[in-house]
Colleague: 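Dumping the structure here so I can ask a few things about it.
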Amino acid sequence: VFGVGAGIFFLGYFLFEVPSNLILDKVGARIWIARVMITWGIISGAMALVQGTTSFYTLRFLLGVAEAGFFPGIILYLSYWFPARRRAAVTAMFMAAAPLATAIGSPISGALLEMHGIWGLAGWQWMFIIEAVPAVILGVVVLFYLTDRPEKAKWLSDEERNWLVQTMEQE
């Protein structure tokens, strides 16, 4: 069942990865990345409600759909902000975050599994609920604070913004 669920996740991810990035480019990174993070968190948290194979498969597919745009969307977003000569280093830092998150997150997940019985929930349910919260919170933060493109960056000086916009247009 777990193996099929993993496959179903990647089916949803595969089917919606390209459409998700097309939507990101159309509606803007701020709205779309926030949507990805919030729905990803909500569906991940809903995994705590799984009660059989049907709900497991359904939520795994929906989780794949929700998560589909995140990784390629961030790569696309970085291409809006970083000139080609700097982009590889920034992309590498982003990609290095995945194994670092695994190294940090795995012991945390193990500790959360020990919460078995608190408020009548199993440890695995607590793990899904608690690990969903940061994604939802950060998704809301992204919605209010992420700047779509350099042209809209009020936090850059006029000189910095003009240089970056011109540099990216020349590329």
Colleague: Would you please test Phe71 and Met95 for side chain to side chain contact (heavy atoms under 4.5 Å, CB included) and show each step?
Modeller: CA-CA 9 Å; Phe71 186 86; Met95 292 178 75; 3.9 Å; yes
Colleague: Testing Leu76, Val142, Asp148, Leu143 for side chain to side chain contact (heavy atoms under 4.5 Å, CB included) with Ile33, which one passes?
Modeller: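 Going through Leu76, Val142, Asp148, Leu143 one by one, the side chain to side chain contact (heavy atoms under 4.5 Å, CB included) with Ile33 is satisfied by Val142 alone.
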Colleague: Can Phe61 be reached from Val18 by stepping across I, L, V, M, F, W or Y side chains whose heavy atoms are under 4.5 Å apart?
Modeller: no
Colleague: Same cluster or not: Ile118 versus Phe128, using hydrophobic residues (I, L, V, M, F, W, Y) connected whenever any side-chain heavy atoms lie under 4.5 Å apart?
Modeller: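 Yes; tracing contacts between hydrophobic side chains, which count when under 4.5 Å, links both residues.
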Colleague: Which distance, rounded to the nearest 0.5 Å, do you find between the CH2 of Trp32 and the CG of Asn21?
Modeller: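 So the gap between those two atoms works out to 10.0 Å.
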Colleague: Applying a strict under-4.5 Å side-chain criterion to I, L, V, M, F, W and Y, I'd like to know whether Phe144 and Ile38 cluster together.
Modeller: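 Yes; Ile38 is reachable from Phe144 via cluster members.
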Colleague: Report whether Phe82 and Trp155 are members of the same hydrophobic cluster (ILVMFWY, side-chain heavy atoms less than 4.5 Å apart, transitive linking).
Modeller: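 Yes, Phe82 and Trp155 fall within the same hydrophobic cluster.
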Colleague: Please work out whether the ring planes of Tyr77 and Trp81 are parallel, tilted or perpendicular, with thresholds of 30° and 60°.
Modeller: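 Aromatic pair Tyr77/Trp81 classed tilted.
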Colleague: So, Ser109 versus Glu131: side-chain donor-acceptor pair below 3.5 Å or not?
Modeller: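 There is such a pair (donor and acceptor under 3.5 Å, judged by atom type) between the side chains of Ser109 and Glu131.
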Colleague: Taking it one step at a time, do Phe70 and Met37 satisfy side chain to side chain contact (heavy atoms under 4.5 Å, CB included)?
Modeller: CA-CA 8 Å; Phe70 186 73; Met37 294 177 73; 4.1 Å; yes
Colleague: In a check of salt bridge (charged side-chain N to carboxylate O under 4.0 Å, His left out) between Glu171 and each of Arg87, Arg86, Arg85, which one passes?
Modeller: Arg87
Colleague: Test side chain to side chain contact (heavy atoms under 4.5 Å, CB included) on Trp124 and Leu113 and set out the steps.
Modeller: CA-CA 5 Å; Trp124 65 269; Leu113 289 172; 3.9 Å; yes
Colleague: How long is the span from the CE atom in Met47 to the CD1 atom in Ile129, to the nearest 0.5 Å?
Modeller: 12.0 Å
Colleague: Is the number of heavy atoms from other residues, nucleotides or ligands under 6.0 Å of Phe94 CZ greater than 12?
Modeller: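 Correct, the count exceeds 12.
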Colleague: Output the distance between atom CZ (Arg149) and atom CE (Met168), rounded to the nearest 0.5 Å.
Modeller: 9.0 Å
Colleague: Nearest 0.5 Å please: distance from the CG atom of Leu112 over to the CD1 atom of Ile130.
Modeller: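 These two atoms lie 5.0 Å from each other.
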Colleague: I'd like to know if Val27 and Ile74 are part of one continuous hydrophobic network [Ile/Leu/Val/Met/Phe/Trp/Tyr, side-chain heavy atoms within less than 4.5 Å].
Modeller: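 Yes; Val27 is reachable from Ile74 via cluster members.
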Colleague: For the pair Tyr57 and Val1, evaluate side chain to side chain contact (heavy atoms under 4.5 Å, CB included) and give the outcome as yes or no after the intermediate values.
Modeller: CA-CA 8 Å; Tyr57 291 156; Val1 169; 3.9 Å; yes
